[in-house]
There are 2 protein chains.
Amino acid sequence: MAAAPKQATITQVAAHAGVSLATVSRVMNGNTSVDPALAERVKSSAATLGYSANPLARSLVLGRTQTISVVVPDLANPTFQGMLRGLSRAAVADGYHVLISDSDEHEDEERVLALESRRRSDGLILCAPRMSDAALADVLGEVAPVVLVNRAGAAPSVAADYRTPLRAIIDHLYGLGHRRIAYLAGSRHSASNAQRLAALDDARTQLAACEIVEIPAGVDFAAGAASLSAVLDSGATAVLAFNDLTAMGLLSAATDRGVSVPGQLSIAGFDDIPFARYTSPALTTAAVPTSQLGAHAWAALRSLLQGREPAAELTVVPEVILRGSTAPPAR
Amino acid sequence: MAAAPKQATITQVAAHAGVSLATVSRVMNGNTSVDPALAERVKSSAATLGYSANPLARSLVLGRTQTISVVVPDLANPTFQGMLRGLSRAAVADGYHVLISDSDEHEDEERVLALESRRRSDGLILCAPRMSDAALADVLGEVAPVVLVNRAGAAPSVAADYRTPLRAIIDHLYGLGHRRIAYLAGSRHSASNAQRLAALDDARTQLAACEIVEIPAGVDFAAGAASLSAVLDSGATAVLAFNDLTAMGLLSAATDRGVSVPGQLSIAGFDDIPFARYTSPALTTAAVPTSQLGAHAWAALRSLLQGREPAAELTVVPEVILRGSTAPPAR
DNA sequence: CTGTTAGCGCATTCAA
DNA sequence: TTGAATGCGCTAACAG
């Protein structure tokens, strides 16, 4: 039962059809300079023998595998899941296969996996948020063609724009009348952090009398819940959470403590994870189009594979989703 | 920039070291019957040239690719994400690469992808819940060695046990004093459905005066919310939802309608999705160890690849997680 | 212990 | 238009 199914070879088809290997190869590859009658005979033989060319042998002689490799830090991370799906479907639609590697958030593993999987493929899509800039630059040359995801470097990249939608959320809150807003900071090393801080700075300088106080929190539910006291002490009437999980933690803690949302406190998240619409009240957030991000990554890599230079940096802009967790401040 | 990095070949290493191809091959593969001095010279040459064997050429001559393929219906489905991670990490630990295909829930696509990706790998792990038994049986022979996930067939399989934990949840509710329990039915075609119904039947026959009423619902949040009226009309004091999403929908609707949970109604879900612990009250549910399921799938396939026959069917048992959404019935 | 040779299965020159 | 020969890069017989 464990036996590999035996596949017919081109030699067998040639013998069956009474022609040479070359002719079979020509027919299978749609070369027109073959007598129609002969071609038909070959096709029939191929069909009865259930033949199709061995992709390995083909790869070896053609120098391309019709496969791309993808390295992600954690397959269980929702960010990469959507990305991977968009990527996979787009690549499959173009006749490519996808080799994945989960680096388990381990940096040196990232490097090894990238190099190794790249040799079995025609190009690489690299999600390596942890890797140092130096290490990244070092690897990039050895794995070209390569496309980076959510990270800049000496290679084409696709990334989500965090700055624009965060600023849009701030404008939304400001428009509702909020003048003192708290920002629950998450991971400082996150590639998106600089963008978020930039959006905060923009708002501070461009919006009259708009104060934004930064409160260290974290990236998960517990961090959000734990920050409630600090938020209340800050005097803020609205909160920008680092992500939806943090927002939900805060929302949950607020509800437990009898702080009404959005009556006494408005809360906005980021990411639009599937559950964001089901909290009470539903969460205002920004939807990162991860699937689209993956599709773009493939498009960029495909350009590279075809010898064209894609745009150096391609950006997808998350859409702000206004729900019930934000409203005008009390009184 | 799009140029592929040029890799040294075994011929170049041989020339550089002044030996034959065979010797280089022997050294690279750790064959001990090589003069230590020569071996050292070869290694040094390989190092300076940055050589490592072309995996494609190796695959062709060895007849194995050190790669396995995985076909899933939807990469965005949480069930497969954990599975894929467990699988990927386990396979990588054993020096194997993973080729994935997302069939986009399309049955004929499942077949094609399975066949095609299988030819680029040494074995297949197939998640094909939609495929008919006949179509499955048809494919199975052509893709061996193969391991099925969450589905029985003429091949080794790994699956989650839905019956035992569902029964355990029922016992939990019965133990709390509930005697009339509603079951929110989901997808009838689901492979797990028969198991759930079996658990229900077991309970009905083995627990004295225990009524279980079946209410058609669905598999998502909206379906759960929509079933509230039917649940209340049924006179049940506790509910077994098809999955966590359905449970959360019901919980949300109940809260909105002023029905206290677990005071007036106990609710249990299934799956333990990441957010289940963060609802108010937190959800009693059963945690399907998807990552472990993936690791088991790899272990079974590895056995097959090594010529051993693994257990025909390997089962992981979800652990029941008791949280705040279940309690003794009112009064 | 080392080198020579023959494929793995295929695409593609070059002749015919 | 077709067939014979060459090689993609490597491993594994087979000699020496």
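In what follows, every chain begins at residue 1, and chains take the letters A, B, ... in the order their sequences are listed.
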Exercise for review: With salt bridge (charged side-chain N to carboxylate O under 4.0 Å, His left out) as the test, would you mind laying out the steps for A/Arg111 and A/Glu116 before giving the verdict?
Suggested key: CA-CA 9 Å; A/Arg111 178 191 159 76; A/Glu116 202 166 322; over 6 Å; no
**Study point:** side-chain contact (heavy atoms from CB on, under 4.5 Å) assessment of A/Leu293 paired with A/Val149
**Key:** CA-CA 8 Å; A/Leu293 191 70; A/Val149 173; 4.0 Å; yes
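Look at A/Asn54 and you won't find any side-chain N or O under 4.0 angstrom from OP1 or OP2 of C/dC8. At C/dT2, none of the side-chain N or O atoms of B/Ser20 fall inside 4.0 Å of OP1 or OP2 (strictly under the cut-off). OP1 or OP2 of C/dT2 has not a single side-chain nitrogen or oxygen of B/Arg26 nearer than 4.0 Å.
Judged purely by atom type and a 3.5 angstrom limit, A/Asn31 has no side-chain atom pairing as donor or acceptor with the backbone of A/Val27. Remark: side-chain polar atoms of A/Asp102 are not paired, donor with acceptor, to backbone N or O of B/Arg89 under 3.5 angstrom.
With sequence neighbours excluded, the residues that form a side-chain contact (heavy atoms from CB on, under 4.5 Å) with A/Ala91 are A/Ile68, A/Tyr96, A/Val98, A/Trp298. With sequence neighbours left out, A/Ser132 forms a side-chain contact (heavy atoms from CB on, under 4.5 Å) with A/Glu107, A/Ala134, A/Ala135. Residues forming a side-chain contact (heavy atoms from CB on, under 4.5 Å) with A/Asp133 (at least two apart in sequence, or on another chain): A/Arg151. In terms of the side-chain contact (heavy atoms from CB on, under 4.5 Å) criterion, residue partners of A/Val92 (sequence neighbours excluded) are, by chain and number, A/Ser88, B/Leu113.
Nucleic acid contact class of B/Leu62 (heavy atoms, under 4.0 Å, all strands): sugar-phosphate only. When heavy atoms are screened at a 4.0 angstrom cut-off, A/Val24 is found touching no nucleic acid atom at all. As judged by a 4.0 angstrom heavy-atom cut-off over every strand, B/Thr9 is placed among residues touching the sugar-phosphate backbone only. Among the atoms of the strands shown, only primed sugar atoms or phosphate atoms (P, OP1, OP2) are found under 4.0 Å from some heavy atom of B/Ala53. Using a 4.0 Å heavy-atom distance criterion, B/Val61 is classed as a base contact. Note on A/Leu38: only backbone sugar-phosphate atoms sit closer than 4.0 angstrom, heavy atoms only; bases stay farther off.
Rounded to an integer number of Å, the gap from B/Asn31 CG to C/dC1 C1' is 10 Å. The separation between B/Ile10 atom CD1 and C/dT5 atom C1' is 14 Å, rounded to whole Å. Whole-Å rounding puts the A/Gln12 CD to C/dG9 P distance at 8 Å. Atom C1' of nucleotide C/dA11 and atom CG of A/Leu60 are separated by 11 Å, given to the nearest angstrom. Note: CG (A/Leu56) to P (C/dG7) measures 20 Å, nearest angstrom. The distance from atom CZ of A/Arg58 to atom P of C/dC10 is 10 Å, rounded to the nearest whole Å.
Side chain to side chain, B/Thr315 and B/Asp161 fail the donor-acceptor criterion of an N or O pair below 3.5 Å. When only modelled atom types and interatomic distance are considered, A/Asn77 and B/Arg85 share no side-chain donor-acceptor pair under 3.5 Å.
From the 5' end on, the contacts that DNA chain D makes with chain B at under 4.0 Å to a non-hydrogen atom open and close at D/dG9 to D/dA13.
The overall bend of the helix from C/dC1-D/dG16 to C/dA16-D/dT1, read as the angle between its terminal helix axes built from five base pairs each, is 50° when rounded to 10 degrees.
Nearest-nucleotide positions on DNA chain C for B/Gly18 and A/Thr23 put B/Gly18 closer to the 5' end. Summary of the strand contacts: A/Ala39 and A/Leu21 both lie near DNA chain D, and taking for each the nucleotide with the nearest heavy atom, the more 5' one is attributed to A/Ala39.
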